[in-house]
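Sequence positions, counted from 1, serve as the residue numbers for this chain. Computed from a predicted structure; not experimentally measured.
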Amino acid sequence: MTLTNKRDALCGAALALGLMAGPALAIDPFFPEFGNNGIDVVQYDIDLDVDPASGAIKGNTGLTIKALRRTTSFGLDLHGLDVTRVTVNGRAASFTRTGGKLNITPGRPVPAGGVMLVDVSYGGIPEALADPTAPQDELFLGWFKYRKATYVVSEPVGASSFFPANDEPADKAFYIFNITVPEGFTGVANGVLVGSKPVDGKRRFTWAMLEPMTTWLATVHVNKFRSDLSRAPDGTPIRVYAPFGIPQSHIDGYAKAGEMLTYFETLIGRYPFGSYGSVVVADPILYYALETQAMSVFPAGNDPPSEGLVAHELAHQWFGNSVSVAKWEDLWFAEGLATYFEFVWEHRNDPAAFDAAMLDNYDYVVDRKLKAAVVEAPDQLFSDRTYLRGAAALYALRLQVGDSSFFNLLRHIAQDNRGGSITSEGFIRTAVRFSGDASVRPLLEAWLYDDAVPALPGLAGRKAKPGPVKRPDIAGSRCGRHHNVRSACR
């Protein structure tokens, strides 16, 4: 099947909608070397032939791109890997490499609004990128190999380690993955499993993500997996992929996402994707989970996964994935809400215990003088400011407007922005609109933008617990990932 026919067969209607959608935002100021604000990628068709023994790949990625202005050349992010051929609309195109950019010059200019079908053939052994959010630590992002297996964790800018990408948070696209692997191995990616078939003595797995997805949420895993399929009470397929030897108690812990999913639907609306999955990575250097869209990544451990960790990554599917952040500085929206729903799940049957836990969190925010939830630099993205002050801001909002208005506005955010992205200002406007309370604006502006920690509504006279105050046990936060949060996580 040709590239064009494959796109038509799997995503015709979705692709047409994408071509009519508005343009992506400008390059994010936190990572200005990534992205290209002159193009809007509508779809990625990623074909990878993976050798898990060596880690090498043979890749071909087709991109459907809308030009946002007259285009004589454009750049895509691609780290390492050897490019052998590029075509644009079926014609050979010239290309050069500069750092992490693949610069492409079509045979003829493309007018503003024109569509380019770009095809890039490449290969080699992918190299993970240095993590720009942790300049003092030796941390990496993207494609990793361990033993005879591979996996991907890319937040925030690691996508270009295995496919040519417009690696900018607001440029969301549809994805088709064809992962060809040796017999006995399984290729796992985002979305719904379309099927698998033998190809030249190997096996090809096809996955389709037909809801818009930002680049850093794309993931691919190759290993000899045990696969377990169950269904949430609402019927959503729940898949768990784990290396052989992972205990059944661990598998059951990940599968509990089905029960959580149906409960969260009662609060914030229907689950936004066609299926949900968890993939377990046994590489000892991976110590944090990641909410890769519809197929979350979890590190293997000696104990079953905590319910808080599973709930955190699942909540991200609504907030952080389906509705993602338009700018990295607003990551509190994703991490604060996922943290908040850890508390919600743990204390779902005990409102008094929920309030006590949120007050403990508030006391920690006050004790540590955590600054504004909207951060000013990349090295603050995964700090307690986005997770814990973000969750405290949401609790303050709930106290101000009441439970009914609070969950009503979250449902509207999830539904009205589905497949898109949001800014802090957009969140504030929605909160004011659906609460009908004009005082919500100054309340949220103080929590999100002011360094001083505001008082909680209705609890202005409350005294915080005497120090030292213990950091809340938040399973989803990346304790130890960055130098600036290690002391808080010990």
Side-chain angles (χ1 to χ4, degrees), residues 25 28-30 133 156 169-170 268 312 315-316 318-320 323-344 358-359 361-402 405-410 412-414 416-417 420-460 472 474 476-477 484-485 488:
L25 295 182
D28 193 272
F30 275 16
T133 71
I268 52 179
H312 184 104
H316 269 308
W318 282 266
F319 305 117
V323 185
S324 58
V325 295
K327 299 185 294 183
W328 281 112
E329 67 180 25
D330 294 325
L331 190 62
W332 75 269
F333 168 80
E335 297 300 350
L337 274 159
T339 299
Y340 188 88
F341 274 89
E342 283 192 54
F343 288 110
V344 168
M358 295 308 300
L359 290 174
N361 180 60
Y362 175 74
D363 289 342
Y364 177 83
V365 171
V366 172
D367 180 69
R368 293 303 176 98
K369 298 182 176 63
L370 295 184
K371 293 183 179 180
V374 174
V375 297
E376 68 287 344
D379 67 356
Q380 293 297 302
L381 279 175
F382 303 105
S383 71
D384 283 346
R385 293 168 59 182
T386 58
Y387 291 83
L388 300 181
R389 179 149 170 172
L394 293 161
Y395 184 58
L397 175 61
R398 184 173 174 176
L399 290 176
Q400 180 71 12
V401 304
S405 289
F406 178 75
F407 286 110
N408 181 49
L409 72 90
L410 290 188
H412 276 284
I413 285 173
D416 297 348
N417 298 281
S421 53
I422 196 169
T423 63
S424 291
E425 174 57 28
F427 181 87
I428 292 171
R429 286 198 304 267
T430 302
V432 172
R433 177 184 176 190
F434 288 103
S435 70
D437 184 347
S439 69
V440 162
R441 174 169 286 278
L443 178 142
L444 285 175
E445 286 178 344
W447 275 98
L448 300 183
Y449 298 115
D450 293 350
D451 282 345
V453 180
L456 289 171
L459 298 173
I474 305 301
S477 67
N484 62 299
V485 299

Colleague: Please check if the side chain of Thr386 supplies one atom and the backbone of Ser383 the other of a donor-acceptor pair under 3.5 Å.
Modeller: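 Flag set: sc Thr386 to bb Ser383 pair under 3.5 Å.
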Colleague: Any side-chain to backbone donor/acceptor pair from Thr430 onto Gly426? Under 3.5 Å, distance only.
Modeller: yes
Colleague: Rounded to the nearest 0.5 Å, what separation is found between the CZ atom of Phe434 and the CG atom of Asn408?
Modeller: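 Answer rounded to 0.5 Å: 7.0 Å.
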Colleague: Could you tell me whether Glu425 and Lys327 have a side-chain N and a carboxylate O separated by less than 4.0 Å?
Modeller: no
Colleague: Are side-chain heavy atoms of Tyr387 and His312 found at a separation under 4.5 Å?
Modeller: yes
Colleague: Just by modelled atom types, is the Val401 backbone N or O under 3.5 Å from a matching donor or acceptor in the Asp437 side chain?
Modeller: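 No: the side chain of Asp437 does not pair with the backbone of Val401.
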Colleague: Using side-chain heavy atoms (C-beta onward) and a distance below 4.5 Å, is Trp447 in contact with Leu394?
Modeller: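 A side-chain contact under 4.5 Å is absent here.
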Colleague: For the residue pair Trp332 and Ser424, confirm or rule out a side-chain donor-acceptor distance under 3.5 Å.
Modeller: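 Judged by distance alone, the side chains do pair up.
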Colleague: How long is the straight-line distance from CG of Leu410 back to CZ of Phe341, given to the nearest 0.5 Å?
Modeller: 5.5 Å
Colleague: Would you confirm whether Arg385, through its side chain, and Leu370, through its main-chain N or O, come within 3.5 Å as a donor-acceptor pair?
Modeller: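 Answer holds: no.
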Colleague: Within the side chain of Asp367, is there an N or O that forms a donor-acceptor pair under 3.5 Å with the backbone of Asp363?
Modeller: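 Side chain of Asp367 to backbone of Asp363, a donor-acceptor pair under 3.5 Å: no, none is there.
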Colleague: When you measure from the side chain of Glu329 to the backbone of Ala377, do you find a donor-acceptor pair of N or O atoms at a distance under 3.5 Å?
Modeller: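 Answer holds: no.
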Colleague: Quick one: list whatever passes ring-ring contact (aromatic ring centres under 6.0 Å, His included) with Phe30, sequence neighbours left out.
Modeller: none
